[in-house]
Amino acid sequence: MVNFIPMGEKMTKNKKLLLIDGNSVSFRAFFAMHNVLDKFVSGDGIHTNALYAFNNMLDIILKDEDPTHALVAFDAGKTTFRTEMFSDYKGTRAKTPPELMEQLPLIQEMLNLRGIKTYQLKNYEADDIIGTMSRKGQSEGMDVTIITGDRDLTQLTTDKVTVRVNVKGVTETEAYTPEHVKEKLGITPEQIIDMKGLMGDTSDHYPGVEKVGEKTAIKLLNEYGSMEGLYEHVDEMRKSKLKEHLINDKDQALLSKKLATINCDAPVELKLGELEYRGDNQEQLIKFYQRMDFKSFLEKMDVDTEEVKEEMADIKFSELNSDAVDKIVNVDKPQTVIVESFGENYHISPIIGLAIESDKEYYSTTDISILENDKLKAWLADDSKEKYVFDNKKTVALLNRYGCEFAGVSFDMLLVSYLLDTNDNKTDIGLVAQNYGHNLPNEEEFYGKGVKKAVPDDDQVLMNFICQKAHIINVLHDTMMAELKKNDQDSLYDEIELPLSNVLASMEIKGVKVDASRLKEMQNDFAGRLSDIEKQIYEEAGEEFNINSPKQLGVILFEKLKLPVIKKTKTGYSTAVDVLEKLKSKSPVVQKILDYRQISKINSTYAVGLQKFIQPDNRIHTIYQQTLTQTGRLSSIEPNLQNIPIRIDEGRQIRKAFVPQSEDWEMFSADYSQVELRVLAHISGDENMQEAFKEDYDIHAHTAMRIFGLDSTDEVTPDMRRKAKATNFGIVYGISDYGLSQNIGITRKEAAQFIDSYFEQYPGVKKYMDDIVKFARENGYVETIMHRRRYLPDIHSKNFNIRNFAQRTAMNTPIQGSAADIIKVAMINMQKKLKEENLKTNLLLQVHDEMIFEAPKSEIPILEKLVPSVMDSAVKLDVPLKVGSAHGYSWYEAK
DNA sequence: TAGTTCACG
DNA sequence: ACGTACGTGAACTAC
């Protein structure tokens, strides 16, 4: 088929108008990068985070949209025609943070340098300017795209006008066409103002009709078409609360609709011709970027400024040979060491290159035999020779495999970066560098990914790369350490994370002995039982299917066997445990499926799964991720040794395969009892909870007694204790009545009463919960007893769910995180003690609130005293810490 | 690669 | 009116 396109139309590109809501995008840009606020400061001390994010977004949008015309509209001031109509309009809106205020003029300046017109109009909001210009553009036959962070602007969408709303920060947008509005809300763009009028707007602070939210408003509009239509027929509605509210709040609703309506006839004195997009003013823009310290944007412009050159240029380095070693060992300043490996798991992957920066000289080699040089070996192991690295734990583990000890690290850029901000993924030095505005390829960019992943053929390229890594560590050292100090996190780093990285390295290197033959036996046993159950399930289902597929299982249970659907997931029927538990009584096949699932999980993940990780030394060497969790806990991978089954005996048998190194040794474990609740008692200062721990009461029974209003714990039934225990857990997680009701199978109302009486009994806890959320709102982060930080930008979210989640996180993180701090201190002290006392015992594993050791039998009596005393004295809280311990022939027995 | 499920604290 | 417990990792299926 041939498309005939008239010549004229083919030749002229359709004109495209880009309209940006300057205020709302700036706001979003600011909060999207709120966690790096202090990292983005220009030479003259002005914050630049919003500027940076705005510009990033601009790059993407300009590329995407390729506009011929562009305009960024700003609000002119607080008073507008809307505040005249309704004095409280935007009444409770928090005032713009000063750190953003100072950036707004710069944003306008930058936009102009980028060839984009900016405009504001007295008495009107940016929305109105955009509305007006979008109609002008449309009537001239232009395609119009609007960029905003405010969903209300979707009322402007038409066939020619697309509204792109920022989601998650500013670099991603969701595009609204009339069809998409319809799909998403079930109403037309024109009806959005009616909807807003009916439901009101909390953030702009205008009221709607009482008890009418989005859902109700949409339902009403689908029935009556518009607010006016609705009020014409309101008398015909049958008597209901809704009808009453509609009638009572009619005036408010009509006013709110007016407030929500964007004025598309504002007296904007702009001609479309003036909006022509001219592109960057190169010369001025470079100066501007330099003033703002925007290195990455400068690099994008292909500009050879001196500063950039220094950073991007190939680094001059010489061969790391014995001559170089002679120089290195005699330097007294800190020196930077890079040990480069290739492969996922550093316990098995080879070292492929080394680099050392020494007094501004760079030395590098891919010839690993230099590690046999005795002088270098001694220098690496010398604690008094100060070193900088990225990932101390990995470096220690790698060098250990090549027969070298490694000590003396004072700066681990990975750890510092994690302490400064847990939010982004910081396991890659390139990404950290990029975060600080420096240009260093990350691992994926350098080595490639998937099938293309490979070490470069040219050794020079590799050596240059690792020298650049060393260079960036030096460049960022001062800034990052200063920031650490400013956050009052230097002792968290010096006394906890850095020493801990050495403890973890030795735990990983030691590994834990696992009896492969035992796992093999279990695997065989499970395989037999699985095929039995499988047969029975097929029989009862009347056909064969994949039991592991939730999809196929759903069809069998809910369509073939017609069992009631309890819960749905995004993709279909839920077949999770809590659902199956409820269906158990309806069909005998359900219990069999539960059994199958359980055994199949234990078999595939543990019995079979763990065998793959047993190394030739008969041991499993996990990797502890020290810089991953948002709370400060560790995590364990390849394999995860922090989730070995224990709750059900079937799975618990797996622990019998975890054994000590030789016959006259045992496994020894020690765990904290209720650390998190004790931490809560401490940081909340709640007297009732503190008393319970000081007196060493059964905390859950004691809670039950209090919330059920009993006189003594003797009256507490097991069921009451169970409920109280769940409530205590709920409190730690940042409780909601719904969550608690689901967990202990009571109604939401009852759960709410539980929580009320809990807070009455523990008023200090209530106060803590309120205060910590307030703290998070004011400071943008929360912290643990050791000043570990977690930034919570979502605490300002307009979205109810996202904001609530951030609030629960604010409550939970100081608790979970402080508990993590405590055991970390205990681990460091423990390792030190074992050495001081000349014990052979090895610390092998950590599982959040417990430590697992292997020890000669003769040392067990010593450990039984020593370990609990080290653990309970790790930190001094207002309540005592309690520690339990056990030992036996395997991890199973050490319970 | 996303979604579901389930193992642990 | 909204739709929920906090923090993880791994196996498996299905797109």
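Side chains are part of it too, since the values below use all heavy atoms of this structure and drop only hydrogens, waters and symmetry mates. In what follows, every chain begins at residue 1, and chains take the letters A, B, ... in the order their sequences are listed.
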Can you work out whether A/Thr629 or A/Ile735 has the more 5'-proximal nearest nucleotide on DNA chain C? A/Ile735

Looking at side-chain heavy atoms only, is the closest gap between A/Met851 and A/Phe668 below 4.5 Å? no

Under 4.5 Å between any side-chain heavy atoms of A/Thr422 and A/Arg789, yes or no? no

Whole angstroms only, please: what is the [atom1]-[atom2] distance between [X] and [N]?
X        : N     : atom1 : atom2 : value
A/Asp578 : C/dA5 : CG    : C1'   : 13 Å
A/Ile731 : C/dG7 : CD1   : C1'   : 18 Å
A/Tyr758 : C/dA5 : OH    : C1'   : 14 Å
A/Phe729 : C/dT4 : CZ    : C1'   : 18 Å
A/Ile815 : C/dG7 : CD1   : C1'   : 13 Å
A/Ile822 : C/dG7 : CD1   : C1'   : 16 Å
A/Leu680 : C/dA5 : CG    : P     : 21 Å
A/Leu792 : C/dC6 : CG    : P     : 12 Å

Quick one: list whatever passes side-chain contact (heavy atoms from CB on, under 4.5 Å) with [X], sequence neighbours left out.
X        : answer
A/Ala726 : A/Leu740, A/Asn743, A/Ile744
A/Asn801 : A/Asn799
A/His245 : A/Val209, A/Glu210, A/Lys211, A/Lys241
A/Asp756 : none

Is the phosphate of C/dC6 approached by A/Arg808 (side-chain N or O, under 4.0 Å from OP1 or OP2)?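 Looking at the OP1 and OP2 atoms of C/dC6, one of them is under 4.0 Å from a side-chain N or O of A/Arg808.
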
Considering every strand and a 4.0 Å limit on heavy-atom distances, what is the contact class for [X]: base, sugar-phosphate, or nothing?
X        : value
A/Thr813 : nothing
A/Leu634 : nothing
A/Val577 : sugar-phosphate
A/Ala810 : nothing
A/Arg597 : sugar-phosphate
A/Val847 : sugar-phosphate
A/Gly734 : nothing

What's the gap between C/dC2 and B/dA7 when it is taken at their C1' atoms, as a whole Å value? 32 Å

Can any side-chain N or O of A/Arg803 pair as donor or acceptor with the backbone N or O of A/Ser797 at less than 3.5 Å?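 Yes, because the side chain of A/Arg803 sits within donor-acceptor range (under 3.5 Å) of the backbone of A/Ser797.
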
A/Tyr346 and its side-chain hydrogen bond (donor to acceptor under 3.5 Å, both in side chains) partner, picked from A/Lys393, A/Lys394, A/His621: A/Lys393

DNA chain C contacts among residues 740-755 of chain A, heavy-atom distance under 4.0 Å: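 Under 4.0 Å from DNA chain C: A/Leu740, A/Asn743, A/Arg748.
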
Just list the side-chain donor-acceptor pairs under 3.5 Å for residues 646-654 of chain A, sequence neighbours left out, or say none.
| unit_1 | atom_1 | unit_2 | atom_2 | d |
| --- | --- | --- | --- | --- |
| A/Asp649 | OD1 | A/Tyr892 | OH | 2.8 |
| A/Asp649 | OD2 | A/Gln653 | NE2 | 2.8 |
| A/Glu650 | OE1 | A/Arg529 | NH2 | 3.4 |
| A/Glu650 | OE2 | A/Arg529 | NH1 | 3.2 |
| A/Glu650 | OE2 | A/Arg529 | NH2 | 3.0 |
| A/Gln653 | OE1 | A/Lys656 | NZ | 2.9 |

Report yes if the ring of A/Phe800 lies under 5.5 Å from the six-membered base ring of C/dC2 with planes under 30°, and no otherwise. no

Using a cut-off of 4.0 Å between protein heavy atoms and nucleotide atoms, how would you tag nucleotides 9-15 of chain C 5' to 3' with B, S and -? BBSSSSS

Tell me whether [X] at atom [atom1] has more than 12 heavy atoms from other residues, nucleotides or ligands lying less than 6.0 Å away.
X        : atom1 : result
A/Lys895 : NZ    : yes
A/Lys560 : NZ    : yes
A/Glu344 : CD    : no

Output every pair passing ring-ring contact (aromatic ring centres under 6.0 Å, His included) with a member in residues 628-658 of chain A, not counting sequence neighbours, ordered by first then second residue.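 Sorted result for residues 628-658 of chain A: A/Phe658-A/Trp891.
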
Sort and list the pairs that fulfil salt bridge (Lys or Arg N to Asp or Glu O under 4.0 Å) and have at least one residue in residues 634-646 of chain A, not counting sequence neighbours.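 Pairs touching residues 634-646 of chain A that pass the test: none.
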
Given Watson-Crick and G-U pairs under 3.5 Å, DNA chain C in dot-bracket ([ ] crossing, | other strand) is .....|||||||||.

Taking any atom under 4.0 angstrom from a heavy atom of chain A, which nucleotides of DNA chain B are the first and last to qualify, 5' to 3'? B/dG3 to B/dG9

All ring pair (Phe, Tyr, Trp, His ring centres under 6.0 Å) counterparts of A/Tyr791, not counting sequence neighbours: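 Applying ring pair (Phe, Tyr, Trp, His ring centres under 6.0 Å) to A/Tyr791 gives A/Tyr781.
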
